[in-house]
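Report on the following structure.
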Amino acid sequence: MNTELSKYTYVLEGATKQIQAYFNICKPKVVLMLVLTAWVGIVLAPETQRSGWFQFGALLGIGLVSAAAAAINHILDRVRDKQMARTRHRPLVMNQLSVSQAYLFALVIGSLGVILLLLFSNWLCTLLTVLALFGYAVVYTVYLKHSTPQNIVIGGLAGAMPPLLGWVSETQALSAEPWLLVMMIFTWTPPHFWALAIARKQDYERANVPMLPVTHGIRFTKLCMIAYTVLLVLVCVLPYLIGMSGILYLAVACFLNARFLQKVVLLYFESNSASAMQVFRFSISYLLLLFSALFLDKLVI
């Protein structure tokens with residue numbers, strides 16, 4: 001009896017670990033942030049009388065396609081991930097999953113996501129979502145990441161698309177307003193990711209990834225972070241200026257941008273990697289709070 005129980009426990013533990021591995025290659029925290037920004041795109045879109053179930057189905061579809069892109073990124077980066085302290089414990093590096101298992105998983109959840117988008121949104125949203133997957137999983141991961149120090153700038157457009165996807169899932173049309181939301185994430189991405197690249201510069205050198213701190217030095221990267229943060233401050237005012245949001249959003253955006261700019265400027269005079277990681281962590285909270293302010297402002301209005 002004890003032997004059978006031990007076998008059952010062993011099998012259960014193995015299944016649990018494999019499920020956890022599948023979950024981890026989806027980059028759940030990143031996907032959650034993408035879905036949140038897509039949701040804000042839905043909330044800010046003109047009222048279309050679409051039911052909450054259709055909106056939920058569209059968000060789930062966007063999330064599944066995003067998770068598929070993350071899984072493909074894990075597959076394609078697995079060799080370089082072995083050389084980096086930040087990524088050497090990923091499931092494919094640790095042989096918790098095989099490449100074929102990961103590819104099959106990405107195909108299944110990606111296909112399911114596309115089906116959900118076709119059922120609960122529209123063909124334009126589906127097309128844009130698939131293009132965003134291709135941009136991140138192929139254009140960025142295969143080509144840009146390893147060929148130019150501007151990789152995160154160019155490739156950042158794919159990760160900035162969810163608010164537009166949410167808007168289009170409601171309206172079935174492209175318009176100027178959601179592109180402002182895209183620009184907010186697009187200009188936020190370089191200072192966010194370069195802070196991590198500064199802190200993990202040795203990792204990227206070992207993996208031969210031409211991140212800006214590796215190719216142009218840390219001081220130049222910090223200057224670029226300041227420039228992009230100033231641009232971000234200006235872009236974040238635009239939703240208020242065009243009447244897309246109100247005074248609540250503007251107040252929160254001004255406070256967050258002042259703090260972000262302060263931290264980036266102070267980083268310029270710091271020399272330890274811990275300061276860069278503080279900026280990186282703050283930038284995550286910054287984006288979450290900024291888009292939450294857009295949502296709350298809409299409720300108040």
Side-chain angles (χ1 to χ4, degrees), residues 14-34 63-111 113 129-161 189-190 192-218 221 273 276-277 280-281 284:
T16 301
K17 288 180 180 178
Q18 192 163 56
I19 291 171
Q20 184 66 47
Y22 280 119
F23 183 72
N24 288 340
I25 67 171
C26 292
K27 298 186 179 180
K29 292 180 181 179
V30 175
V31 170
L32 183 61
M33 184 71 77
L34 295 177
L64 287 172
V65 173
S66 300
I72 294 171
N73 174 262
H74 270 253
I75 295 166
L76 298 177
D77 269 352
R78 65 190 184 280
V79 175
R80 288 182 174 85
D81 283 347
K82 293 180 181 179
Q83 305 170 48
M84 301 177 65
R86 184 174 67 91
T87 57
R88 65 189 178 193
H89 299 297
R90 286 180 169 178
L92 286 168
V93 178
M94 300 294 292
N95 294 317
Q96 295 171 346
L97 293 174
S98 68
V99 173
S100 59
Q101 285 176 316
Y103 267 126
L104 180 60
F105 177 69
L107 177 62
V108 170
I109 63 172
S111 299
T129 305
V130 172
L131 288 176
L133 179 152
F134 181 80
Y136 175 72
V138 179
V139 177
Y140 168 70
T141 303
V142 176
Y143 297 105
L144 293 175
K145 187 174 182 179
H146 310 291
S147 62
T148 171
Q150 292 298 310
N151 46 23
I152 199 63
V153 177
I154 305 169
L157 182 60
M161 292 294 285
T189 301
H192 159 72
F193 206 90
W194 282 335
L196 177 65
I198 289 172
R200 299 287 187 253
K201 179 174 179 285
Q202 293 182 340
D203 268 0
Y204 287 110
E205 285 176 332
R206 280 196 300 270
N208 198 30
V209 178
M211 297 302 295
L212 196 63
V214 175
T215 60
H216 289 71
I218 290 177
T221 303
S273 60
M277 283 304 298
F280 173 74
R281 294 190 184 99
I284 297 172

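Residue numbers run from 1 in the order of the sequence given.
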Return each pair, listed once, that meets ring-ring contact (aromatic ring centres under 6.0 Å, His included) where at least one residue sits in residues 15-34; pairs must be two or more places apart or across chains. Y22-F105

A quick test of your reading: do over 12 heavy atoms of other residues, nucleotides or ligands sit less than 6.0 Å from OH of Y143? no

Tightest non-hydrogen contact, residues A158 and G135, listed as CB-C, 4.1 Å

Do you know which two heavy atoms are closest between I109 and C26, and how far apart they sit? CD1-SG, 4.2 Å

So, applying side chain to side chain donor-acceptor pair (under 3.5 Å) with Y204, which one of Q83, R80, R86 is it? R86

Determine, stepwise, if the pair M211 / N151 fulfils side-chain contact (heavy atoms from CB on, under 4.5 Å). CA-CA 7 Å; M211 297 302 295; N151 46 23; 3.4 Å; yes

Under the rule for ring pair (Phe, Tyr, Trp, His ring centres under 6.0 Å), what residues qualify as partners of H216, not counting sequence neighbours? F220

Do R88 and D81 have side-chain heavy atoms sitting under 4.5 Å apart? no

H74 versus K27: any side-chain heavy-atom pair under 4.5 Å? yes

Set out, in order, the CA-CA distance, both residues' side-chain angles and the distance that settles side-chain contact (heavy atoms from CB on, under 4.5 Å) for Q150 and L212, then state yes or no. CA-CA 7 Å; Q150 292 298 310; L212 196 63; 4.2 Å; yes

Heavy-atom closest pair (V31 atom, G63 atom, distance to 0.1 Å) is CG1-O, 3.6 Å

Do any N or O atoms from the side chain of T141 and from the backbone of Y136 form a donor-acceptor pair under 3.5 angstrom? yes

Would you name the heavy atoms of L64 and G113 that are closest together and state the gap between them? CB-CA, 3.8 Å

How close do K201 and V214 get, counting heavy atoms only, and between which atoms? O-CG2, 3.9 Å

Does any non-hydrogen side-chain atom of T87 lie less than 4.5 Å from one of V93? no

Taking C-beta and beyond as the side chain, do R90 and N24 meet within less than 4.5 Å on heavy atoms? no

Under the side-chain contact (heavy atoms from CB on, under 4.5 Å) criterion, do I154 and Y140 qualify, and how do the steps go? CA-CA 8 Å; I154 305 169; Y140 168 70; over 6 Å; no

If you define the side chain from C-beta out and look only at heavy atoms, does anything of Q18 sit under 4.5 Å from Q96? no

Which atom of S147 lies closest to which atom of P210, heavy atoms considered: N-CG, 4.0 Å

Main-chain N/O of L107 paired to S111 side chain as donor or acceptor, under 3.5 Å: yes

Could you tell me the separation between the CG atom of L104 and the CG atom of L97, rounded to the nearest 0.5 Å? 11.0 Å

Could you point out which residue of I72, V79, N73 forms a side-chain contact (heavy atoms from CB on, under 4.5 Å) with L76? I72

Heavy-atom side-chain proximity of V99 to Y103 below 4.5 angstrom: yes

